[in-house]
Amino acid sequence: MSKGYDHRAIEAKWQAYWEEHRPFTATDDPGKPKFYCLDMFPYPSGSGLHVGHLEGYTATDIVSRYKRMRGFNVLHPMGWDAFGLPAEQYAVKTGIHPAVTTAQNIATFKRQMKRVGLSYDWEREISTTDPDYYRWTQWIFLKLFERGLAYVAEVPVNWCPALGTVLANEEIVDGKSEVGGFDVVRKPMRQWVLKITAYADRLLEDLKLVEWPASTLEMQKNWIGRSIGAEVDFQLADTRGALRIFTTRPDTLFGATYMVLAPEHPLVDAITSAAQKAAVDAYREATARKSDLQRQELDKDKTGVFTGGYAVNPVNGERLPVWIADYVLMSYGTGAIMAVPAHDERDWAFARTYRLPIREVIAGGNVSEAAFVETERGTVVNSATADGSFSINGLKPAEAIPTITEWLAKQGKGVKAVNYKLRDWLFARQRYWGEPFPINWVDGESRPLPEEQLPLVLPETNNFKPSGTGESPLANLGDWLATTDPATGKPARRETNTMPQWAGSCWYYLRFIDPKNATRLVDPGKERYWMPVDLYVGGSEHAVLHLLYSRFWHKVLCDIGVVSTPEPFKKLVHQGIVLGEDNQKMSKSRGNVVNPDDMMDQFGADAVRLYEMFMGPLEAMKPWSTRGVEGITRFLERVWRLMVTDEGRLSDTVVASAPSLDQQRLLHQTIKKVTEDIEELRFNTAISQMMVFTNEMTKAGQRSRAVLEPFVLLLSPFAPHVSEELWALLGHPASVSQQPWPVFDPALTVSDRLTIPVQVNGKLRSKVEVGADAPRELVERLAREQIGEWLQGKEPKKVIYVDKKLMNFVV
RNA sequence: GCGAGAGUGGCGGAACUGGCAGACGCGCGAGACUUAGGAUCUCGUGGGCAACCGUGGGGGUUCAAGUCCCCCCUCUCGCACCA
């Protein structure tokens, strides 16, 4: 294939230039407006960069280059989320230290990124595995600990006795270990947990402050899962004590016909009668053996066992049988419910199975066929106290809820309550390759290390095998493990858990602002200048966890005065997934993985960048097409030939004389379209407009510098290498990246001639061409001449004229 | 099941607040230049011989609907007994 230009030579040349002159360094210049443009930093895996990564990175790179040309001080950094399981698994297998493989992988990623021409400020590169970085991750943990937001709990883990290790969820396939296929059981272990639930309300509330995709906002809201209801106390019938339940439907309290406790509920033993004890114990044991996954299987029938005990409905004194069933979860609400089968689908199904009574208290449905659960429709019935002192009969459920909640509170029988689906965050892994906790255990108590002793460095070892006890491999390192408590001098044992991968990625955007600060996490002045992140681009797989955890830490840092904004990421965009050419998800097993290095070998970085953006809307899922890359290559070659001869010199067709009015219009329309499209991240249509420009200019025998030069500037954020070369060939000193962005003249974006479509009854029948300022009368007269035969001499009923747009005759 | 988003040529996709459906690219067809072409350039390309018909399907609003309203179908993503 003959090439219009030598992409290898040009790309190497300009990458070397950028390396030497560093035009993309961000300076802390308060005199300039700032733009913080951030990619989700990658885990440097062994397989290198993927074309899916490149999509997001190219998009932010275009925006960054564009914003610089618009006079912004742009912060566009890159780093590595480099702790994590794959490197450790590899170390277990080969004995090669994770730090070694991580460094190799980072080198590969970095080389590939530079090859794509991504304009990162590499002086700010950070890695979560660097002690100078994780020192501050540990520091934040100490702050969380000080504020009571980090605590220790016994939490079940996936314990694999055969492997002698704890497994991550992704290491388990169909209930067996991915490696070896061994059994996995639940085993409680001492773990660190972060109290994210303390921030549930703010995490929900502040979603109003960000410009995020609707779906992501929705997912976060659902994940937090705030629901308002009441907690109500039911006295136990035959024993002392009360059963507290949570309900969102206190309006159905008179319809309760039984109660259900989670099998793990602490009151189960007290309630269970002697006769039922055996059955209850058997059920509880069976439940304990089930994995979370089995317990969550929805289509299974509901099961449960009667405890033999009763509780008393506080509103009508009825004795309600108390059951245990695994459809009630200990971890939500109070772990106990009142069952109202008439108005709750789960209770309805359970009542049907065990032939428990179903009592209607909201009229409007047919409760013998299905639970009636609406709150906006229906009328409360059968809901008054025996003495008639209180009634919600006749109300709509939505009105009855606050009424009865207030009444319960006055009676001391209940209280308004809010619950969240959000759980506290399990913040510990039984692994080597993660941040050590700055915690010592002294006499069974956790003691934080003093800040001055940070970082607590991950100890060197060459044994990454599991300890066998479920503790991390750090438990094998006796010398490191044994220490003394700095406060008392007593012997102490170091915490052996390490932090999860989320930890380092929770706050990295802050460190980019001030990556080398040895005394603080980030300088307050720099933080105020650069925050918040103006544009954050990354995959939607992080829509909940990473983005929620980050927001949580950010709010804590805000509370302690480290950061100045309530939210870290102002605008968020998820790039879509790039499918293989066969429209299937790319995977090694399908053999449809596209390697960016191969593509760049063949077509060059500029073509790959342009194609990534031309495929379709950034956020859409779309298939790769190598033919499409060829098409883009043709476009770049056409641009090249617009101004360069076969010998590589500036072409004679490039002239200094003024462009025609039509060429000027085309240029200004192109500037307008490309500018607006970059602002809206519509890169595909921006490229399409540049193709239109190129096609038109190809037809011209003479091309004025006055239109070619601004065009090269427009192209430069998309295809920076070839644009630099063209800019140089046009006789300008480097670098195109330091030129101001072209400005369009609105007067030149509109044509002086218009083609007005003429319709009869809304159907296109003709067109008339007129001057841009033609009055309606002229357009109508010309139009009538054109469509005479359609009017058949009759006068139209109505004539609609939309100025400069369309003429429609209604007959 | 619930929640969110999306269905437009052979393919990827355009179409601003309702106003010429299919921009641009791929593919395909014809031609030019060539010893040659999987290079390059030019022209054509939704369907139908036509009247006409065409934006997942069916209704509706309107002079005018891919766009607005109602019902249905399909696909993708997320959640999944959260009381």
Side-chain angles (χ1 to χ4, degrees), chain A residues 1-4 213-223 225-227 229 245-249 252 260 262 295-300 302 325-329 331-340 343-347 349-350 419-423 540-541 543-544 574 576-577 579 581 583 610-611 614-617 619-632 634-635 637-638 641 676 682 684-692 694-695 698-699 755-767 796-811:
Chain A
M1 198 192 290
S2 104
K3 279 278 175 188
S215 58
T216 305
L217 292 173
E218 200 59 34
M219 280 162 69
Q220 293 230 338
K221 281 179 201 165
N222 292 340
W223 194 262
R226 183 177 199 262
S227 56
I245 61 101
F246 172 73
T247 178
T248 56
R249 295 296 305 276
T252 62
V260 186
R295 229 178 124 164
Q296 278 170 9
E297 272 167 29
L298 230 191
D299 40 338
K300 71 164 198 212
K302 291 193 169 33
D326 67 359
Y327 82 92
V328 172
L329 309 175
S331 51
Y332 183 78
T334 60
I337 62 155
M338 65 169 187
V340 185
H343 306 294
D344 181 284
E345 282 164 11
R346 297 151 301 185
D347 298 344
F350 191 79
N419 260 303
Y420 300 90
K421 280 205 266 189
L422 183 68
R423 305 291 151 80
S540 58
E541 66 272 22
V544 179
H574 301 301
I577 294 170
L579 303 172
E581 302 227 30
N583 241 302
L610 271 166
Y611 178 68
F614 188 65
M615 278 190 287
E619 302 195 56
M621 179 189 289
K622 46 213 176 293
W624 184 268
S625 159
T626 301
R627 296 263 193 182
V629 191
E630 287 171 15
I632 282 288
R634 279 197 277 274
F635 162 66
E637 285 167 355
R638 283 157 74 92
R641 284 195 304 269
E676 290 173 356
R682 292 185 304 235
N684 54 333
T685 50
I687 294 167
S688 148
Q689 179 63 33
M690 290 191 280
M691 288 173 168
V692 171
T694 307
N695 293 345
T698 298
K699 291 176 195 159
T755 303
I756 308 281
V758 181
Q759 298 181 337
V760 177
N761 289 337
K763 286 185 177 151
L764 183 69
R765 295 304 180 198
S766 182
K767 291 178 186 183
K797 257 193 286 188
K798 206 168 167 188
V799 181
I800 289 145
Y801 179 60
V802 184
D803 192 35
K804 298 192 196 332
K805 279 272 165 68
L806 165 142
M807 173 70 68
N808 188 12
F809 294 93
V810 185
V811 296

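Each chain gets a letter, A, B and so on, in the order the sequences are listed, and its residues count up from 1.
For A/Q759 (side chain) and A/L806 (main-chain N/O), no donor-acceptor pair under 3.5 Å exists by modelled atom type.
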For RNA chain B, what dot-bracket results from Watson-Crick or G-U pairs at under 3.5 Å, with [ ] for crossers and | for inter-strand partners? (((((((..(((......[....)))((((((.......))))))((....))..(((((..]....))))))))))))....

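Residue A/G631 is classed as a sugar-phosphate contact, given heavy-atom separations below 4.0 Å to backbone atoms only. If you check every strand for non-hydrogen atoms under 4.0 Å, A/N695 touches sugar and phosphate atoms only. Here A/R638 lies in heavy-atom contact (under 4.0 Å) with sugar-phosphate atoms only. Among the protein residues, A/E345 comes within range of no part of the nucleic acid, since none of its heavy atoms lies under 4.0 Å from any strand. If you check every strand for non-hydrogen atoms under 4.0 Å, A/K767 touches a base. Residue A/T248 is classed as a sugar-phosphate contact, given heavy-atom separations below 4.0 Å to backbone atoms only. A/V802 comes within 4.0 angstrom of a base, heavy atoms only. Residue contacts shown for A/S227 are limited to sugar-phosphate atoms, with no base heavy atom under 4.0 Å away.
Nearest nucleotide to the side chain of A/Y327, out of B/G19, B/C43, B/C81: B/C81. Relative to the side chain of A/E218, the nucleotides B/G3, B/A83, B/C63 differ in distance, and B/G3 lies closest. With B/A83, B/U40, B/C53 as the choices, the nucleotide that has an atom nearest any side-chain atom of A/R641 turns out to be B/U40. Across B/A23, B/A83, B/C81, the shortest atom-to-atom separation from the side chain of A/V328 is found for B/A83. Ranking B/C24, B/C20, B/C53 by closeness to the A/V692 side chain, first place goes to B/C24. In the set B/C79, B/A23, B/U42, B/C79 carries the atom at the smallest distance from any side-chain atom of A/W223. Between B/C63, B/A39, B/C24, one nucleotide has an atom nearer to the side chain of A/N808 than all others, and that is B/C63.
Here A/R226 pairs with A/D201 under the salt bridge (charged side-chain N to carboxylate O under 4.0 Å, His left out) rule; sequence neighbours left out.
For the atom pair CG (A/N695) and CE (A/M690), the distance works out to 12.5 Å, reported to the nearest 0.5 Å.
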Apply the test side-chain contact (heavy atoms from CB on, under 4.5 Å) to residues A/M615 and A/I632: give CA-CA distance (whole Å), side-chain angles for both, the deciding distance (0.1 Å), then the verdict. CA-CA 10 Å; A/M615 278 190 287; A/I632 282 288; over 6 Å; no

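Listed pair A/R634 / B/C26 meets the phosphate criterion, a side-chain N or O lying under 4.0 Å from OP1 or OP2.
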Protein proximity profile, nucleotides 5-13 of chain B - base contact B, sugar-phosphate-only contact S, no contact -, cut-off 4.0 Å on heavy atoms: -------BS

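In this model, a side-chain donor or acceptor of A/K302 finds a partner on the base of B/C81 within 3.5 Å.
For B/C72 and B/G9, the P atoms lie 24 Å apart once the distance is rounded to whole Å.
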